[in-house]
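Letters A, B, ... are given to chains in the order of the sequence lines, protein chains preceding strands, and every chain is numbered from 1. Nothing here was measured: the structure is a model prediction, and the numbers come from that model.
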Amino acid sequence: VYWMTADEITEKNPETAIIPVGSLEQHGPHLPVMTDWAIAMELGHRVGEKLDAFVLPALPISTCREHMGKKGSVWMEPLTFYHVMEDIIMSLKTQGFRKVGIVQAHGGIFIMTPLVRDLNAKYNPDLMVAVVDSSAATPTLLQEGILQTRGEIHAGESETARMLAIAPDSVHMERAVDYIPSEPRSYLNYGSIFRLSPDGVWGNPTAASQEQGERILSRTASLYADALCEAFTFMEKKEAFGYSCF
Amino acid sequence: MYWLTADEIAAKDPELAIISIGSIEQHSHHLPVMTDWALAMEFGRRVAEKMNAFALPALPISNCREHMGKKGSVWMEPLTFYHMMEDIVLSLKTQGFKKVGIVLCHGGVFILTPFIRDMNAKYNPDLMIAMAEPDASALLHQQGVLEDPNIEIHAGEAETSEMLAIAPETVHMDRAVDCTPDAKRSYLSYGSIFRLSPHGVWGKPSLASKEKGEIILETASDIIVDELNKAFAFIESKEKFGYSNF
């Protein structure tokens, strides 16, 4: 991990690297723009520990044009982001990492699917890339009663609770507003979130609590670690099919 | 409309262009590799007619590494596809098209979401892009036309029925095999479809018929027209928010 010296890392010789990915973007009236980045750092560390992995510093900026309208959201082009990720992952492959787990803390990075699919199609079995985001945790969190409200896309119960656990000073619960738009999520391709939700929220932040935040983080880290392991196991057992190792 | 002369097109002066997207990829034992392209041609023509739009020839090749393993699937890189679409759409914008409707006839083109989001974020209100897929399954299942209750991903009841209606001489029903893998669709980023379904099918083609195909073609075309119209109306109704037209 990045606070170790190169010699210490050599001695551990990890085969898995974790890349946490955040975003800088508006998070309603009550959460800071650093929210996704802060959560990426926290979950990246926790998942990295469970997998005994090399954890990279969380990437603070990705793609978030769906939050255009107020100052403070910062994005790059999806194609630039693809190249950034490809370069970083290839640098890990060159030094002998075989598995890369991406911990994605911002849902709006749709270029991630083509990136992961293409890298696996090209480099399996020498390199295996897996990705997890909230879809790997939310159904279980709801089922186990850790989360109460459904339909969260942005700055709702889950995200607010996690920020209350990670950086309570940056959360302004008295300004929290609940809102779930009636449009489908794909409408974020047709206009920014402010067209659908005047406060830039998609969920129920008022349901969040600090104690719940710690439970969400801890359970999510386990679920993410399990989901990454399952994906790596699935890829490892493949044999050549026709001309293809994918 | 591509069979019209330039003067004829100038006289009609359409403001909407339709780009339908296919793929050349394995479609199990019973359907030809041209399936998605044939569907794209058919849906593109029907939708353009209903919307009085300029239809481009259906694009035959896109992204399909999830079908690697047998010869005959052809792909380009997702980033190449993004650049190609950007070039085509901007050429339409330059000549005064204000709306572009994408009719997506191959589910595996995940780069289209970042593409559409970015183009709208950059060029609204001068240019508006919307996308729809020919999926009438939920409605037709409710109406008792389609029988398979599972979600069809590839070469199943619906797609096979459509091909029986469009090009029956290319369909080999005697070779059709049903299979609904017990896996998440996201695993197609971790291995080709042959890892999940030995026959490269994800659905129940044995339930297909020409009659169902004709109903699907008509119903799905209407759904596409409706979804594109709703999306354009939504984009057109936006006013400036902060610094942003998105």
| More than 12 heavy atoms from other groups under 6.0 Å of CH2 on Trp202(B) | yes
| Residue part contacting chain B, namely of Tyr243(A), when any heavy atom lies under 4.5 Å | both
| Top residue by heavy-atom pair count (under 4.5 Å) with chain B, among Val131(A), Thr63(A), Ile109(A)? | Val131(A)
| query | Using a heavy-atom distance cut-off of less than 4.5 Å, which residues of residues 229-246 of chain B contact chain A? | reply | Lys230(B), Ala231(B), Phe234(B), Ile235(B), Lys238(B), Glu239(B), Lys240(B), Phe241(B), Gly242(B), Tyr243(B), Ser244(B), Asn245(B), Phe246(B)
| task | With a 4.5 Å cut-off on heavy-atom pairs, point out which of Glu66(B), Met119(B), His83(B) contacts chain A the most. | result | Glu66(B)
| field | Atom of Ser244(A), atom of Met68(B) and distance for their closest heavy-atom approach | value | OG-CB, 3.6 Å
| Mind checking whether Tyr187(B) and Phe234(A) have parallel, tilted or perpendicular rings, split at 30° and 60°? | perpendicular
| With only heavy atoms counted, which part of Ile193(B) is less than 4.5 Å from chain A, the side chain, the backbone, both or neither? | neither
| query | What residues of residues 111-125 of chain A sit under 4.5 Å from chain B when only non-hydrogen atoms are counted? | reply | Ile111(A), Thr113(A), Pro114(A), Val116(A), Arg117(A), Asp118(A), Asn120(A), Ala121(A), Lys122(A), Asn124(A)
| task | Assess whether salt bridge (charged side-chain N to carboxylate O under 4.0 Å, His left out) is satisfied between Glu77(A) and Lys122(B), documenting all intermediate values. | result | CA-CA 11 Å; Glu77(A) 295 286 306; Lys122(B) 287 179 188 173; 2.8 Å; yes
| task | Would you check if Arg117(B) and Tyr190(A) make a side-chain contact, meaning some heavy-atom pair closer than 4.5 Å? | result | no
| Between CG of Asn120(B) and CD of Glu66(A), what distance do you get to the nearest 0.5 Å? | 12.5 Å
| Does a sphere of radius 6.0 Å around CH2 in Trp37(B) hold more than 12 heavy atoms from other residues, nucleotides or ligands, not counting ones at 6.0 Å or beyond? | no
| said: Counting only non-hydrogen atoms closer than 4.5 Å, does Tyr187(A) touch chain B with its backbone (N, CA, C, O), its side chain (CB onward), both, or neither? | reply: both
| message | For the NZ atom on Lys184(B), are there more than 12 heavy atoms of other groups (residues, nucleotides or ligands in this structure) within a distance under 6.0 Å? | response | no
| With distance as the sole test, does Lys238(A) use its side chain to make a donor-acceptor pair with the main-chain N or O of Ser192(B) at under 3.5 Å? | no
| message | Can you confirm whether Leu90(B) is buried at CG, in the sense that more than 12 heavy atoms of other residues, nucleotides or ligands lie under 6.0 Å from that atom? | response | yes
| task | Heavy-atom pairs under 4.5 Å with chain B are the metric here; pick the option from Arg65(A), Glu183(A), Met235(A), Arg195(A) that has the most. | result | Arg195(A)
| Nearest non-hydrogen partners of Leu79(A) and Leu79(B), listed with the distance | CD2-CD2, 3.5 Å
| said: Shorter than 4.5 Å, heavy atoms on both sides: which option in Gly108(A), Pro78(A), Ala240(A) has the most such pairs with chain B? | reply: Pro78(A)
| message | At a 4.5 Å cut-off on heavy atoms, which part of Ile129(B) comes close to chain A: side chain, backbone, both, or neither? | response | backbone
| Centroid-centroid distance, Phe110(A) to Phe110(B), less than 6.0 Å | no
| What do you reckon, is CD of Glu239(A) surrounded by more than 12 foreign heavy atoms closer than 6.0 Å? | no
| query | What is the distance from atom CZ of Phe246(A) to atom OH of Tyr190(B), rounded to the nearest 0.5 Å? | reply | 10.0 Å
| remark: Counting heavy-atom pairs under 4.5 angstrom with chain B, the leader among Ala231(A), Gly242(A), Ser186(A) is Ala231(A)
